[in-house]
Amino acid sequence: MSDIETRPRTREETILEGLNEAQRGAVLHGDGPLLIVAGAGTGKTTVLTRRIAHLITTKRARPEEILALTFTEKAAREMSERVDQLVPYGYTESFIATFHAFGDRMLRENCFAAGLSADFRVLSRADEIVFLRERLFSLPLARFRPLGDPGRHLPTLVEFASRAKDEDVPPDAIRAFAKEQLRRFSGVEGDEALSLREQALDLIEAAEFFKAQQDALAASALVDFGDQIHLFLKLLRQRPDVAIALRKRFRYILVDEFQDTNHAQLELVRLIAGEGRPNITVVGDDDQAIYRWRGAAPANLIHFLSLYPEAARVVLRQNYRSTQEILDTAYRLITYNNPHRLEAMTGLDKRLVAERGKGRDVAHWRFPSASAEADAVAKAIEEFHQRDSVPLDEIAILVRNNADADPFLRALNMRGLPHRFSGGAGLFERPEVRSLIAFLRLVASPDDSVSAWALAFSEIYAFDPVDLSRMSRYASKKTRPLLDVFRELEGNEDLASVKGPSREAAKRFVADLERGVSSMAHKRTGEALYEFLKESGYLARLASVSSAKDERKVANIARFFEIVRGFSMVAEHDHIPSFVARFDLLRDAGEDPSAIEIQEGDAVNIMTVHKAKGLEFRVVFVASCIDQKFPLRRRSDPLPLPAPLLKSDLSPGDAHLMEERRLFYVSMTRAKDDLILTSADDYGAGATRKVSRFVVEALDLPSPRARVARSSPLETIAASAPVPDGLSPAPAGASAEPESLAAAMAPPLRLSFRQVDDYLTCPLKYRFVHRNRIPLLTHHRVVYGSAIHQAVQDMFKARQAAVAFGVEDLVAAFRRAWVSEGFLSREHEELRLREGERTLTRFFAWEKAHPLRPTGVEEDFSFPILRTRVMGRYDLVVAGDDGVTILDFKTGDVNTQARAQQRAEESLQLAIYALAHLRTTGALPSRVELRFLETDLVGGFRPSEALALATEKAIADVADRISRGRFEATPSHAACRPCPFRDVCPATAKDD
DNA sequence: TCCCCCACGGTTTTT
DNA sequence: CCGTGGGGGA
């Protein structure tokens, strides 16, 4: 140690000095297993790094005998660098890497022993999804019946499979458990038994699926990222010789962030380290385990002690980072996780002792609205920066999820404070990348008018909006692809009024597209895309105007090219159509790499708590501290792993809350000097939000309801701040005059149910579909639905005409109406065809048992509401003794009677039918019904006059807003997810 | 105190 | 769309 003391003290030395004699001996000189429990800000990595350096310099360990495993690449890099600095050789050959990198390398070194060919490939997530999808078609999944879109259930299954892997539950165990459940409940009656049986069946299906997928992957020597570890583990279990060789090779094993590793990784360490007294050091803090959803287990530390009971224990309590006030506040919070904490379980004392003294109080600021909260935080940051000279770099706003950052980003922008947001917010959402995607889509399917529209509208071509709208409407009217309209613009008399610049743009557009299509056959995706960028002149334009914005655009485009290149490496056929297919899967799998941020230098940090782990800042704001946000509401697993197979003994709810509390603990302990928790009453949803229970726990407030004293200097600012809730559109009163004038001038409107429905879903969607008339690509669900519909209508028309019509006629009608468009694959189409035939055959038999005698089939109706004419068509009208019933046939998975009834009661369509019948005949129908063809379920009711009048008012309101030109988007999860304009809509896009 | 209904809101990210 | 959990009513 003497060499250390002669140099000036560094932070590392301070940390080492903080250890008592025995601890220092254990950390630096100790042999055998060593568990270091290190709280926040105690220098975990430093101690580990020191130990590595000490092993090499003093204990004469050879660097290559040392294996150090970390959780992130960043941690691995940092550790390597610091070891390099400490070890006089100037370099080290120690294996310092993440678990994944280690598993990958070991598998490659032992591929033959593992039964893999030497050139096995590591799969991307998208590759894995492709595999899963292919398998899914061949499986008779009960609940996951690939009814509409087989890709829809993939996320559930993929997540299930990966969780099972992380929890280290083999498919066989899942299947065995499920079969046992099935046996137990097979004779038992009642709803609960039924649902347990159903769950068991699902589990069996999922386990089969999971197993089949694994076998398929192994057979083709493709391995997904998680499997590298699991395959390697399997190898080690089966081949003790490999494990022994590794044990000889890596005499020292060190693991950082031990609590963030999963069960499989713990076993990996054990298999390599062996029994006895291996030289293994793990460092972790159970209170900072925040990756449970990836299999991380705070109990790993306990588990380690049970594996190596003789392990030396060192607890690092000396905190060099924060003030005592911050530490105490955070500690008060985390003790609410007792008795499930290491301290409570083992009697260790982990209370942190600050080197830096007491410090200022932890504050909680509450505001009336989210924007007031954001404004006040931005203002406070400005003050910290200007008055106290805190560098912006040293200030962080921590959010629970990426979306929460929005108001803060806006507020910082308003004040001109530089900031960087490391939120994932989407590369694929950037306008410049969207344009490229639109180009690729359009090359792959030239009929895709949504993409054509998006690309034409983009800054690459910048069509005149009026002209574009006109051409688009024309395309829709003539049911031609938009691209064809561009192409044949020259001789088109109907579009003679299209202006010169638009004609130019269309010419360029068509030429670029045709070049793309002709390149498609012989060029790889990247090449074709690059050619497009070059030839369209877009790249040159971006490069010549060297603003920061354009630089970022170029950087984002470059990143997109990396993805294209990545695809090229694994794809068998790298051409645009296969890339587009793969891209869609990737996107469906939730993949969206973060866009480039070019903000360098001194800037405020905004990031999620997960990203902040391991970092520190002088001033930390923990934002949106309200119930349901932080802690975030628990979302239950769509397909839960059976409790007996889980390693945890906690209820899922408790485990979730404790994880969120650890997350809050992590965010609090990032602060060095000042910690401010902020919250607001209103986050735009109307209801007043409760303050987070964590704020109450940490600050020891009397009760969650008590209002925190607004003692901060920000109180005044908050009070005087305008309270825009972000939701209120343009002030209605101000522009009322011209709008009503516009309404009076507008031509009479014709509205169908579809139009009203689209407008209510999202006015912008209405504009896209019914105003701009962007022609849509056929979706397979539409093909299926309308073919079924057609067949059923044919049957009833025949009945009306007293013509014989058998089940074979029904199926024939179905086949006739079938259009081969929009299907994911040949198998998918076959599957859907068979599904349709089966459905119709069953329906035929069912209907024969209680036949309908329709008085009207596909009858048109139309009636006025003020100046608006409402148009529509009844599927089926049946006049009976007790009045008229109007029916509508539906396809789609409605499985329960309750659901069917609910759908009927909420159906705008049925309400419009009732209203139409009232207005056209003077009487309400006695009943309106939805009939679900797949399940033979019926939902219906007797419509009331009140419903009819309410519907009339709703339609009048929609008509009024349409004629006033109100098309503000109302983005929501429910509306945007199934929307065909999701990829091109500016309302879902993140703009600059 | 318990149960039912209604409104709310849609993760976190490693490789 | 649909689970969840809080709030309100009995």
Side-chain angles (χ1 to χ4, degrees), chain A residues 69-76 97-105 107 121-128 148 152 155 159 162-163 165-166 223-230 257 260-262 264-265 289-296 398-405 422-425 566 589-594 607-614 624 626-638 640 652-653 656-657 659-660 662-664 666-667 682-690 693 704-705 761 892-896 898-899 902-903 906 971-978:
Chain A
L69 298 176
T70 61
F71 190 60
T72 62
E73 278 194 326
K74 201 176 132 219
T98 63
F99 268 95
H100 282 288
F102 175 70
D104 186 43
R105 176 84 169 268
L107 217 44
R121 292 181 302 172
V122 175
L123 288 183
S124 71
R125 191 180 167 103
D127 291 302
E128 193 183 356
R152 204 154 45 106
E159 203 180 294
S162 84
R163 210 176 51 246
K165 268 192 295 201
D166 286 338
V223 175
D224 91 74
F225 281 114
D227 272 335
Q228 296 163 79
I229 293 283
H230 292 85
E257 299 283 14
D260 275 342
T261 60
N262 65 24
Q265 290 162 341
I290 55 172
Y291 285 93
R292 200 173 66 90
W293 41 274
R294 285 200 32 84
L398 304 185
V399 292
R400 175 61 182 88
N401 45 230
N402 286 307
D404 296 334
S422 59
E591 189 110 342
D592 191 357
S594 52
M607 61 181 81
T608 61
V609 184
H610 283 91
K611 285 223 168 99
K613 194 180 176 194
S624 317
I626 50 157
D627 200 38
Q628 308 290 312
K629 225 185 226 316
F630 203 171
L632 202 69
R633 190 168 69 191
R634 194 178 79 88
R635 289 159 53 100
S636 60
D637 299 326
H656 170 76
L657 188 63
E659 168 102 348
E660 293 282 316
R662 289 193 293 272
L663 205 48
F664 204 84
V666 168
S667 36
D682 177 17
Y683 283 83
T688 301
R689 310 291 300 263
K690 278 206 305 193
R693 70 182 77 189
R705 294 205 163 271
T761 304
D893 42 355
V894 166
N895 303 316
T896 64
R899 192 81 204 92
Q902 190 191 356
R903 280 279 296 270
E906 289 171 0
S972 75
H973 188 66
C976 294
R977 205 170 45 94

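These numbers come from the heavy atoms of this one structure, side chains and all, not from hydrogens, waters or symmetry mates. Letters go in sequence order (proteins before strands), and every chain restarts at 1.
- With rounding to whole Å, D104(A) atom CG is found 17 Å from dT14(B) atom P.
- Which of dG9(B), dC1(C), dT12(B) sits closest to the side chain of R633(A) comes down to dG9(B).
- Distances shown here put a side-chain N or O of T608(A) below 4.0 Å from the OP1 or OP2 atom of dT13(B).
- Here the nucleotide nearest the side chain of T72(A), chosen from dG10(B), dT12(B), dT14(B), is dT14(B).
- In this structure, E659(A) atom CD and dT12(B) atom P are separated by 14 Å, rounded to whole Å.
- Within the structure, a side-chain polar atom (N or O) of N402(A) is placed less than 4.0 Å from OP1 or OP2 of dT12(B).
- In the set dG5(C), dT11(B), dG6(C), dT11(B) carries the atom at the smallest distance from any side-chain atom of N401(A).
- Summarising the geometry, the separation between CZ on R693(A) and C1' on dG5(C) is reported as 10 Å, rounded to the nearest angstrom.
- Salt-bridge check for R634(A) with E660(A): failed, with every basic side-chain N at 4.0 Å or more from each acidic carboxylate O.
- Residue L632(A) has its side chain nearest to dT11(B) when only dG5(C), dT11(B), dT15(B) are considered.
- To the nearest angstrom, P of dG5(C) lies 12 Å from NZ of K690(A).
- Going from atom NZ of K629(A) over to atom C1' of dG10(B) covers 10 Å, rounded to whole Å.
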Next on the checklist: Using side chain to side chain contact (heavy atoms under 4.5 Å, CB included), reason through K613(A) and T72(A) one step at a time and then give a plain yes or no.
Outcome noted: CA-CA 11 Å; K613(A) 194 180 176 194; T72(A) 62; over 6 Å; no
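- H610(A) meets the ring-ring contact (aromatic ring centres under 6.0 Å, His included) test with Y291(A), W293(A); sequence neighbours excluded.
- In this view, E906(A) and Q902(A) satisfy the side-chain hydrogen bond (donor to acceptor under 3.5 Å, both in side chains) rule, not counting sequence neighbours.
- Here dT14(B) presents its C1' atom at 10 Å from CG of D260(A), a figure rounded to the nearest Å.
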Item to check | Dot-bracket pairing map - DNA chain B, Watson-Crick plus G-U, both contacts under 3.5 Å, | cross-strand | outcome: ||||||||||.....
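- Side-chain proximity of R634(A) to the nucleotides dG6(C), dC1(C), dT4(C) is greatest for dT4(C).
- Among residues two or more places apart in sequence or in another chain, the side chain to side chain contact (heavy atoms under 4.5 Å, CB included) test is passed with A405(A) by V399(A), L409(A), F421(A), I606(A).
- Within the 4.0 Å cut-off from OP1 or OP2 of dG9(B), at least one side-chain nitrogen or oxygen of R689(A) is found.
- Dashed line: the shortest gap from a side-chain N or O of K611(A) to OP1 or OP2 of dT12(B) is not under 4.0 Å.
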Next on the checklist: Run the side chain to side chain contact (heavy atoms under 4.5 Å, CB included) test on R400(A) and L663(A) for me, step by step, so that the C-alpha distance in whole Å, both residues' side-chain angles and the decisive distance to 0.1 Å come before the verdict.
Outcome noted: CA-CA 9 Å; R400(A) 175 61 182 88; L663(A) 205 48; 3.4 Å; yes
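- Only the C1' atoms considered, dT4(C) is 15 Å distant from dT11(B), to the nearest whole Å.
- Regarding E906(A), its CD atom lies at a distance of 13 Å from the C1' atom of dA7(B), rounded to whole Å.
- Contacts of E73(A) with the nucleic acid, taken as non-hydrogen atoms under 4.0 Å apart, involve only primed sugar atoms and P, OP1 or OP2.
- The side chain to side chain contact (heavy atoms under 4.5 Å, CB included) search around H230(A) returns K165(A), D166(A), D168(A), D227(A), A264(A), not counting sequence neighbours.
- Partners of F99(A) by ring-ring contact (aromatic ring centres under 6.0 Å, His included), not counting sequence neighbours: none found.
- One atom, CD of Q265(A), and another, P of dT14(B), lie 14 Å apart when rounded to the nearest Å.
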